[in-house]
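First up is the structure itself, then whatever we jot down about it.
Here the structure is a predicted model, which is why all the values come from computation and not from measurement. Letters A, B, ... are given to chains in the order of the sequence lines, protein chains preceding strands, and every chain is numbered from 1. Computed over heavy atoms, backbone and side chain alike; hydrogens, waters and symmetry mates excluded.
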Number of protein chains: 2
Amino acid sequence: MTLAYGIDLLDKKILKELALDARLPFAELGRRVGLSPSATAERVRQLESLKVIRGYRAEINLEALGYSITAFVRLTCDGGRYRPFLKFLPTLEPVQECHHLTGGDAFLLKVVLSSVAQLEDLIERLLPYGSPTTSMVLSTPLERKQVVGLLNSL
Amino acid sequence: MTLAYGIDLLDKKILKELALDARLPFAELGRRVGLSPSATAERVRQLESLKVIRGYRAEINLEALGYSITAFVRLTCDGGRYRPFLKFLPTLEPVQECHHLTGGDAFLLKVVLSSVAQLEDLIERLLPYGSPTTSMVLSTPLERKQVVGLLNSL
DNA sequence: CGTGAAAGGTCTAACTA
DNA sequence: TAGTTAGACCTTTCACG
């Protein structure tokens, strides 16, 4: 069976393995999926050039580096302040993600900080662009390190 | 200058490089940070064992695989349904992240799906546990692939 | 997609500041 | 304690079947 972009079962297996350990040597990856090292490398290069694989990232424990606070800020931002806000956005270092959501020009920001004072500072800097509503993260009971679940149901 | 966990400037450089390209060979990584391959490998192993580096993941383009819908669901869940919900959570395949937030036993779920029908199905399955409020992601104007910004300000 | 040889990376251990 | 060097081994790459 062929999937989107002509991705087959072998590609799916490769993606699962690399999602869990991006540093796997091609030889070992090939062993796991049942392919020679060169055939494996060829498929990985194909997946990279199709942008199915976007890159390889080390997952860094920000808490261990002193970034102990994660929060979500929902910013309701009326029409006029939309474009200036998007320009301002990249200058906000603590903002790791910004999503534009359905429902009244709302943005959801995921922010990571090392003190509550920094959170207060961030909120103040957002005020000119809209009304922020902040929720701090108490715990993260689920964070799938990988997309293996989704890949299984392809 | 020494930082949390005895992390110094060289470690910081290593983390930045690996955050951007987890597959860099130690030889090349060493060249970039000014260390021999074996000294580089030693430091990386140290960072791994301290759990500063949690792992290496291929970043997979879910849209290319047909998962075209991302949404956030906020679930307000009263005391009695809290524990059953946490048990139910891992069985929900589309849920990529779940955060417990301040403010009235609320959970924020990030979900990835391939159709609106699946979103409706998910929402129905959440109903026994609380009141879900769903916002679909229209666009993601900022998604830092790496934590380089945060690492710079260490 | 597999094979094989050359190039280059990794690993371990002994050595040095 | 932390880094370098050296040599054995392994991986990657690429031309060819």
Minimum side-chain heavy-atom gap [X]-[Y] below 4.5 Å:
| X | Y | answer |
| --- | --- | --- |
| B/Ile60 | A/Leu47 | no |
| B/Thr70 | B/Lys110 | yes |
| B/Arg81 | B/Phe88 | no |

Could you state the [atom1]-[atom2] distance from [X] to [N], rounded to the nearest angstrom?
| X | N | atom1 | atom2 | answer |
| --- | --- | --- | --- | --- |
| A/Arg45 | D/dT13 | CZ | C1' | 7 Å |
| A/Glu42 | D/dA15 | CD | C1' | 13 Å |
| B/Gln46 | D/dG3 | CD | P | 10 Å |
| A/Leu24 | D/dT12 | CG | C1' | 15 Å |
| B/Ile14 | D/dG3 | CD1 | P | 9 Å |
| B/Leu29 | D/dG3 | CG | P | 13 Å |
| B/Glu28 | C/dA7 | CD | C1' | 16 Å |
| B/Phe26 | D/dG3 | CZ | P | 14 Å |

Taking only the side-chain heavy atoms of [X] (C-beta and beyond), determine which of [options] contains the nearest atom.
| X | options | answer |
| --- | --- | --- |
| A/Ala27 | C/dG2, D/dT4, D/dT12 | D/dT12 |
| B/Pro25 | C/dG2, C/dG9, D/dT12 | C/dG9 |
| B/Arg23 | C/dC11, D/dT12, C/dT10 | D/dT12 |

CD (A/Glu48) with more than 12 external heavy atoms under 6.0 Å: yes
With hydrogens left out and only the distance checked, is there a donor-acceptor pair under 3.5 Å joining B/Ser38's side chain and the base of C/dT10? no
Walking DNA chain D from its 5' end, the first of B/Arg43 and A/Arg31 to be reached, judged by nearest nucleotide, is B/Arg43
